[in-house]
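Right, one structure below, let's go through it.
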Protein chains: 2
Amino acid sequence: MNRKMPIKRTRSKQRRLSADDRRSEFVTKATELFAEEGFGGGTRALARRLGVTQPLLYRYFPSKDDLIKEVYRKVYLEPLEIGWEKLLSDRSRPLRMRLQEFYEVYTGAIFNRRWLRIYLYSGLKGLDINRWYVGMVKDKILTRILRECRHDAGLATQTRPSAAELELAWVFHGGIFYYGVRKYIYDAPVLEDKAQMISDALDIFLAGFVRMGESATDRRAASIKVVG
Amino acid sequence: MNRKMPIKRTRSKQRRLSADDRRSEFVTKATELFAEEGFGGGTRALARRLGVTQPLLYRYFPSKDDLIKEVYRKVYLEPLEIGWEKLLSDRSRPLRMRLQEFYEVYTGAIFNRRWLRIYLYSGLKGLDINRWYVGMVKDKILTRILRECRHDAGLATQTRPSAAELELAWVFHGGIFYYGVRKYIYDAPVLEDKAQMISDALDIFLAGFVRMGESATDRRAASIKVVG
DNA sequence: ATCTCTGGTGATCGCTCGATAAACTGAACC
DNA sequence: GGTTCAGTTTATCGAGCGATCACCAGAGAT
């Protein structure tokens, strides 16, 4: 509204932000840009989104790579600070309910175009941070889920999960994850009720988990027959 | 062996291929290059891999984009010509065995670094061909699996699968798919016995499918309670 | 009113990119 | 043996990239 205050210079849009504000604005807009274009997105395109010139970036970041690292930090670490791991271990609540709520919160945090695309782009780059994230999912989420499942089934919880158990959890987790990929990366039609998708996936996972201890040997023999 | 035939010119490595050979060599090496570097991989790097100069590419392809399209064709269409869809519908064999074999053959075709990376890169570009592929998986694989499951359970096979059924199949399929992503994109450790992974995933999917028709309403009510 | 400090700009460098045009070369044909 | 023609190279263009430097301008302190 009060646009003509300074009268001269139409181009002075809103320049002169504080250093901290400008810096975080760079990171925010860079996240958006890199999510769409990949990390090949240009620094000039980024500057255009901020309404500033390209060299200004180098007042705040020594190189484009440092900016990218900052984007990683913001994308990966920030959503993790909600502490949703604790949701899994609260044994005062039924396991089924804990798992349902955990996955609703977890997917609520990462199921969006920005996060998923940055995640996949960084995965394709083969960066350490991506391997770190996968390891964290395994240690903080999947093994915890398996431990709670064992506890719930009255089994020993000290022993580390077997490779087959872990794989089962991965397939379950990956199936849910792929829902987000289909929706936000492929723009493919999905079942709109995300909570129901999680609920159905949980049903078959939990049913499969209890059956695993029972008849694992039978089924393994059967599958070997198929392979040969 | 007979390398020194022309005697002069050490640098004449193997030039002068037939047009068809050179063209397909471009496509093959381009697939490798783009799988690693993404479609931003340079035409000069590609030419270097062939031991030729960069402008030669433009004798065979009007533009880099046309080369990329050719790569798509080769990557997506070629593996589909094995006709693994028929494996699913052969009712002379037990359903469980059909599914096991299908997924072993299917994953045998797409679980490799080259295919998966090209697939993800093209998915991130949001290309039509990727949407087409997802639609094909849905129509040719998942609905077929669901139809066979219904038949096997003695249910009606004419009606199209419900959205919840389809989602269940997607989560199952995606869970298996994500095994490949973890192994070949993230280079993460996975259960080495792929056949067992498929077998376990099938167990819980099949168990879940039969339970779905029975007590769907109960579970849905339970999950709603969690959400609210 | 002037000085100073700092956020921001203009111009430009060196490099790589996709693409084009012209020149070269070697095998096949007469 | 010379002609022809298709496969290949050399040279180069214009655009965009990340990055650097000298300079500008405006708010706050004096």
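As the structure is a computational prediction, the values presented were derived from the model and not from experiment. Order of the sequence lines fixes the chain letters, A, B, ..., with proteins taken first and strands second; residue numbering starts at 1 for each chain.
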How close or far is atom C1' of D:dG18 from atom CZ of A:F26, stated in whole angstroms?
14 Å
Report yes if a side-chain nitrogen or oxygen of A:R22 is closer than 4.0 Å to either non-bridging phosphate oxygen (OP1 or OP2) of C:dG8; otherwise report no.
yes
Is a donor-acceptor pair below 3.5 Å formed from side chain B:R16 to base D:dG7, judging by atom type as modelled?
yes
Nucleic acid contacts of residues 55-70 of chain B, taken as heavy-atom distances under 4.0 Å to DNA chain D
B:P55, B:L56, B:R59, B:Y60
Let me see the working for B:D200 and A:V171 under side-chain contact (heavy atoms from CB on, under 4.5 Å), right down to the final yes or no.
CA-CA 9 Å; B:D200 289 345; A:V171 171; over 6 Å; no
Pairing donors with acceptors under 3.5 angstrom, does anything connect the side chains of B:T143 and B:K138?
no
Rounding to an integer number of Å, can you tell me how far B:E37 CD sits from C:dG18 P?
12 Å
Do B:Y76 and B:S122 have side-chain atoms, one donor and one acceptor, less than 3.5 Å apart?
yes
Taking atom P of D:dC21 as reference, at what distance in whole Å does atom CD of A:Q54 sit?
14 Å
N/O donor-acceptor pair, side chain B:R44 with base C:dT16, under 3.5 angstrom
no
Could you name each residue pair satisfying side-chain hydrogen bond (donor to acceptor under 3.5 Å, both in side chains) that touches residues 44-60 of chain B, not counting sequence neighbours?
B:T43-B:Q54
4.5 Å side-chain heavy-atom contact, A:Y178 and A:R182
yes
Measure the distance from CG on A:L46 to C1' on D:dC17 and round it to the nearest whole Å.
14 Å
Out of the candidates A:R98, A:R147, A:K140, A:R144, only one should pair with A:E85 under the salt bridge (Lys or Arg N to Asp or Glu O under 4.0 Å) rule; please name it.
A:R144
Looking only at side-chain N and O atoms, does A:T53 come under 4.0 Å of OP1 or OP2 in C:dG8?
no
Interatomic distance where CD belongs to A:E25 and P belongs to C:dG7 [whole Å]:
14 Å
Whole Å only: how far is the CG atom of A:L17 from the C1' atom of D:dA25?
16 Å
Heavy atoms of B:L116 and B:G180 approach each other most closely as CD1-O, 3.4 Å
By nearest heavy atom, map B:S18 and A:G42 onto DNA chain D; which one lands nearer the 5' end?
B:S18
